[in-house]
Amino acid sequence: MKYQELVDVYSALEATTKRLEKTDIIADYLKKLDVDTIGKVGLLLRGSVFPAWSSQEIGIGAKLVERAVAEAIGTSKANVEDAVRDEGDIGLACVKLYAKKSQTTFFSQPLTIDFVFNSLQKLSKISGSRSTNRKISILLELLSQASASEAKYLTRTLTEELRIGVGDGVVRDGIAQAFNIDKSVVERAQMLTNDFSVVAQTALLEGENGLKKLNLTAGTPVKPMLAQLSPPLAEIIPEMGVAICETKYDGIRLQVHRAQGEIKIFTRRLENITHALPEIVELFDECLPHEDYIVEGELIATRNGEPLPFQNILHRVRRKYNVEEAMANVPLKLFLFDVLYYKVPMIDEALSKRREILDEIVDDSDDAMNLSTMLTVTEDNIDEAEKLFESSIAGHHEGIMIKDASQPYIPGIRGKKMLKYKAEPETLDMIVIGGTYGIGKRGDFVGSYLVALRDENDEFKSVAYAATGLDDATLEYLTGKMKELEIATKGRKIIVEPKIVLEIAFSEIVESPEYETGYSLRFPVVKNIRKDKGPKDIDTVERLISMYDAQ
Ligand code: AMP
């Protein structure tokens, strides 16, 4: 199957903003594909060659792609850089550059989806000596055979920004429509497998019944269930009926899997960090049965038994070397709060039942292995939930979680059945898409950061410039990162690849036509650089609007 056909689909998708039209385009295309191709297209439509559960990335920087484009069409790197600066996008720059291409490729074969997909996967596996040259040679094979429109989407796929306005929802609807399957069945299959390749192939081969049989597997991470901000306790607890209130620990969330005797630890971004936490692997081996399971908990760093701020645990987990030294210096404590799988999938069980199972299977006699402090609350003992909140804050934790005891675990959802009640004001995690250099003495530093949120199609929409909350060392660090990620600079303005996540506090959300979301923030302050989060984990425009409405 020719890559050009997929590229034509990309173009058609980019040309419309209407969701129903996008769904039609995807559905019509998927119906024409064989099982092997549909598996690949399922991922390529979302601009990737790996399922969402995988932390593998294509991993090619924009600069390397620009260099390869220059070589492929026989022009200078400076020419490519100029075009990218003018167009603000590598894909559009390619369209312009390929029209003037001086190099013709003889005997070139049309690119196939198979070849493109396999080459992109190969790129992610290259490391070590001479890796740049090996990457360039694969890029050249692709880019020198590409048409202008193929180059447009190839380069965007390589830089992981496809810009066709297609999120998970549209792909899901497209699969449902193509094979006449209920949308909710496709949605559930995607939620449980996190793999559009498997979902599309199963839909094609086995239809709705096949999709219904897909389930969680121990060993493959699932997106965690997320929390919304809680209304006052007196309002929400009667609404839930029976709630489970727990201390909210301020660390990192771990999803721990045991499958066929092997223990694996994932972050909430589904990144495998098993290698960084050997003592936690050992702890699980000792404290939980030797069965297949998936459990979740919060991991915190401690000193003299007291919790340390969140940044400490992050340093520990990010560490690649001297893990042993860190193990001795930063003792860790784990607080388990959920079980998703124990011998069989458990997510459809009520939370109260899951918690009972968790209590049964965990031996918490080791100081490092704990179950979260919890309390069952109804409208008759709301005061106890308030006391738990106070004692949690006094113990240097963040607040409490309030969870509906009757509810299943719904992966990837930020719903009303799991809430957080915190002492600190709310913040939003945003992605940096650009910035402005300072003036005078500050001219070497990017002093102000253009931050954005994600819309339903995974596109970034600007919200504000954040310029306060940064000390000199952080400014220097961030400026360095901005230079590494630079796409273009014009005057004092810089545009960067969307990779840096900042946690932004603010006093109020206001309407503003100046920003792409239509809203902006009053007094935005950078609270943290969230190195534990990536572009997919930032907050959404939808969330901003619901916070605005709640104000
Ligand atoms: P959010 O990340 O905004 O959805 O807030 C919920 C986060 O709080 C979870 O992702 C966990 O990392 C963390 N957390 C801390 N303690 C608990 C707990 N007892 N139950 C659930 N989540 C917890």
Side-chain angles (χ1 to χ4, degrees), residues 221-230 240 243-256 265-271 273 294-302 307-311 313-314 317 332-340 347 351-352 354-355 358-359 362 364 369-377 385 388-389 391-393 395-405 407-430 453-454 501 503-505 527-528 530 532-534 536-540 542-544 546-547:
V222 276
K223 285 191 193 151
M225 180 166 172
L226 301 171
Q228 280 190 13
L229 266 196
S230 177
M240 283 186 178
I244 290 182
C245 294
E246 299 172 30
T247 297
K248 183 175 196 305
Y249 303 92
D250 188 15
I252 58 167
R253 183 170 184 161
L254 298 186
Q255 193 176 89
V256 182
I265 306 176
F266 298 95
T267 63
R268 54 183 280 159
R269 287 175 65 190
L270 317 186
E271 194 183 344
I273 52 162
I294 307 174
V295 294
E296 280 192 342
E298 192 84 353
L299 184 68
I300 64 169
T302 61
L308 289 171
F310 156 79
Q311 300 296 345
I313 181 72
L314 208 57
V317 168
L332 303 179
K333 254 185 190 228
L334 190 70
F335 294 89
L336 295 184
F337 52 74
D338 216 329
V339 52
L340 284 63
I347 52 172
L351 172 64
S352 50
R354 300 201 306 277
R355 179 71 195 214
L358 190 66
D359 287 351
V362 177
D364 62 355
M369 176 64 85
N370 306 275
L371 289 150
S372 64
T373 301
M374 72 146 251
L375 195 66
T376 303
V377 183
L388 179 66
F389 177 75
S391 66
S392 298
I393 298 292
H396 307 287
H397 302 298
E398 260 193 311
I400 55 173
M401 303 293 297
I402 303 148
K403 307 175 183 178
D404 190 324
Q407 289 298 307
Y409 187 103
I410 308 180
I413 289 280
R414 195 185 284 284
K416 287 203 168 63
K417 305 301 176 189
M418 172 160 135
L419 303 166
K420 54 188 168 181
Y421 193 70
K422 299 203 290 188
E424 290 270 323
E426 197 49 13
T427 57
L428 286 169
D429 294 326
M430 305 197 187
L453 292 167
R454 196 159 50 86
V501 179
E503 182 183 347
I504 308 280
K527 293 283 281 186
N528 275 310
R530 295 298 303 251
D532 59 322
K533 294 195 173 183
K536 290 186 190 137
D537 310 305
I538 63 167
D539 282 303
T540 57
E542 194 190 350
R543 179 125 194 268
L544 177 82
S546 76
M547 284 167 83

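In each ligand, atom 1 is the first atom listed, and ligand 1 is the first ligand listed. In this chain, numbering begins with 1 at the start of the sequence shown.
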K416 NZ: over 12 foreign heavy atoms closer than 6.0 Å: no

Heavy-atom proximity to atom 13 (C) of ligand 1, best of R253, M401, E298: E298

Side-chain heavy atoms of L332 within contact of I313, under 4.5 Å: yes

Any Y249 side-chain heavy atom under 4.5 Å of S372 side chain: yes

Sub-4.5 Å side-chain heavy-atom contact between V295 and V256: yes

Nearest non-hydrogen protein atom, atom 23 (C) of ligand 1: F337 CE2, 3.6 Å

Nitrogen or oxygen atoms of S372 and ligand 1 under 3.5 Å apart: no

Min N/O separation A227 to ligand 1 under 3.5 Å: yes

Proximity to ligand 1 by part of D338, non-hydrogen separation under 4.0 Å: neither

For ligand 1, the portion of E296 having any non-hydrogen atom under 4.0 Å away: neither

Atom CD of E542 with >12 non-hydrogen neighbours under 6.0 angstrom: no

Candidate with minimal heavy-atom separation from atom 7 (C) of ligand 1, of Q228, K420, H397, K248: K248

Any R355 side-chain heavy atom under 4.5 Å of L371 side chain: yes

Part of Y249 with heavy atoms under 4.0 Å of ligand 1, whether side chain, backbone, both or neither: both

Region of K403 engaging ligand 1 - heavy atom pairs below 4.0 Å: side chain

Heavy-atom side-chain proximity of R354 to D338 below 4.5 angstrom: yes

